[in-house]
Amino acid sequence: MTKKLEGKVALVTGSGRGIGRAIAIKLAGEGARVVINDLDAGPAAEVVDAIRAAGGEAVACAGSVAAPDFAERFIGTAVETYKGLDIIVNNAGYTWDNVIQKMTDEQWYAMIDVHLTAPFRILRAAQPVIRGLAKAEAEAGQRKVRKVVNISSMAGLFGNAGQANYATAKAGIVGMTMTLAKEWGRLNTTVNCVAYGYIKTRLTEATADGSASANIDGREIKLGVNPDLMAMMERAIPLGRGGTPDDAAGAVYLFCIPESDYVSGQTLMCSGGLTGF
Ligand SMILES: NC(=O)c1ccc[n+]([C@@H]2O[C@H](COP(=O)([O-])OP(=O)(O)OC[C@H]3O[C@@H](n4cnc5c(N)ncnc54)[C@H](O)[C@@H]3O)[C@@H](O)[C@H]2O)c1
């Protein structure tokens, strides 16, 4: 049976862990060749190995999406390795919370940089490549639909106390999605967004003593969310549970398949039925 994404070239940021990893594995399982990115080279290499072991194709492009030269390197890896570019998923990110009176400029800009400026630069670098491919296809009498999926959060749609930086960035990506859907329609490229509620990953899982942290872009960032808060949220979710990374990947996959070729500029909530906070 032909796989849905056979021959496509997909790029997924932050795909060494969590939701990004599940998206990369899902797209590869459906036949896409995937460029795996993560800040951490080890997890990125592990995902490449897992995809190859399952008979798929993947290559790593490690590094921070917030680095000024990252976008060109990322798009360049896809073009040089696989000679194409069909799907871009802007997923990489983390949270760095504080109430506004305690939030530093560094905290503010870290979230804007990773959740908003990085997707902006990646899509800006992708535009000439997509334009060139779309032009060549038009001249050959073909129409090939490309896909961008940006990752937002319910915090970006409804706000979340302690996340002025993150919620602002995640609201911004919704605006970028709607704008590029308008700019890129003539390039046969759909641009959509998935806003997650509560997905169980390193980002949200609480550790027993609440002391887990990770070094992200040279800063020690606290991981996990208050377990009481997450338990309360889980009770409010109509489907009665937090989502898994595979649940999360499924929503992105919907925007990548041919059946969604006429859907663009949309934000899909993947939240187990939760429609607000
Ligand atoms: N988990 C949730 O409940 C939830 C809810 C709403 C939105 N989101 C969003 O989903 C996306 C994925 O989050 P997750 O839950 O899978 O988290 P995660 O921590 O499990 O995975 C995120 C991955 O992104 C990588 N990353 C972080 N900063 C990076 C950078 N600057 N450059 C490259 N890679 C970087 C991390 O190393 C990690 O491997 C994020 O954009 C997050 O904001 C998650």
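For ligands, and for the atoms within them, numbers begin at 1 and follow the listed sequence. Just so it is clear, the structure is predicted and the values come from calculations on it, not from any experiment.
Under 3.5 Å, the side chains of N192 and Q266 contain no donor-acceptor pair of N or O atoms.
V194 places a side-chain heavy atom less than 4.5 Å from the side chain of Y196. Within the 4.5 Å cutoff, the side chain of S271 has no heavy atoms near those of the T275 side chain.
A cation-pi contact, defined as under 6.0 Å to the ring centre and within 45° of the axis, is absent between K147 and F255.
The 12-atom threshold is not exceeded at NZ of K135, counting heavy atoms of other residues, nucleotides or ligands nearer than 6.0 Å.
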Could you list, one pair per line, each nitrogen or oxygen of ligand 1 together with any protein nitrogen or oxygen closer than 3.5 Å, giving atom names and the distance rounded to 0.1 Å?
{"unit_1": "ligand 1", "atom_1": "1 (N)", "unit_2": "I199", "atom_2": "O", "d": "3.0"}
{"unit_1": "ligand 1", "atom_1": "1 (N)", "unit_2": "T201", "atom_2": "OG1", "d": "3.4"}
{"unit_1": "ligand 1", "atom_1": "3 (O)", "unit_2": "G197", "atom_2": "O", "d": "3.4"}
{"unit_1": "ligand 1", "atom_1": "3 (O)", "unit_2": "I199", "atom_2": "N", "d": "2.8"}
{"unit_1": "ligand 1", "atom_1": "3 (O)", "unit_2": "I199", "atom_2": "O", "d": "3.2"}
{"unit_1": "ligand 1", "atom_1": "15 (O)", "unit_2": "T201", "atom_2": "OG1", "d": "2.5"}
{"unit_1": "ligand 1", "atom_1": "16 (O)", "unit_2": "I19", "atom_2": "N", "d": "2.8"}
{"unit_1": "ligand 1", "atom_1": "31 (N)", "unit_2": "S64", "atom_2": "OG", "d": "3.1"}
{"unit_1": "ligand 1", "atom_1": "32 (N)", "unit_2": "V65", "atom_2": "N", "d": "2.9"}
{"unit_1": "ligand 1", "atom_1": "34 (N)", "unit_2": "L39", "atom_2": "N", "d": "3.2"}
{"unit_1": "ligand 1", "atom_1": "37 (O)", "unit_2": "R17", "atom_2": "NH1", "d": "3.0"}
{"unit_1": "ligand 1", "atom_1": "37 (O)", "unit_2": "D38", "atom_2": "OD1", "d": "2.7"}
{"unit_1": "ligand 1", "atom_1": "39 (O)", "unit_2": "R17", "atom_2": "NH1", "d": "2.9"}
{"unit_1": "ligand 1", "atom_1": "39 (O)", "unit_2": "D38", "atom_2": "OD1", "d": "3.3"}
{"unit_1": "ligand 1", "atom_1": "39 (O)", "unit_2": "D38", "atom_2": "OD2", "d": "2.6"}
{"unit_1": "ligand 1", "atom_1": "41 (O)", "unit_2": "N91", "atom_2": "O", "d": "2.7"}
{"unit_1": "ligand 1", "atom_1": "41 (O)", "unit_2": "K170", "atom_2": "NZ", "d": "3.0"}
{"unit_1": "ligand 1", "atom_1": "43 (O)", "unit_2": "Y166", "atom_2": "OH", "d": "2.6"}

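The aromatic rings of F277 and F158 sit perpendicular, their planes meeting at an angle over 60°, well past the 30° parallel limit.
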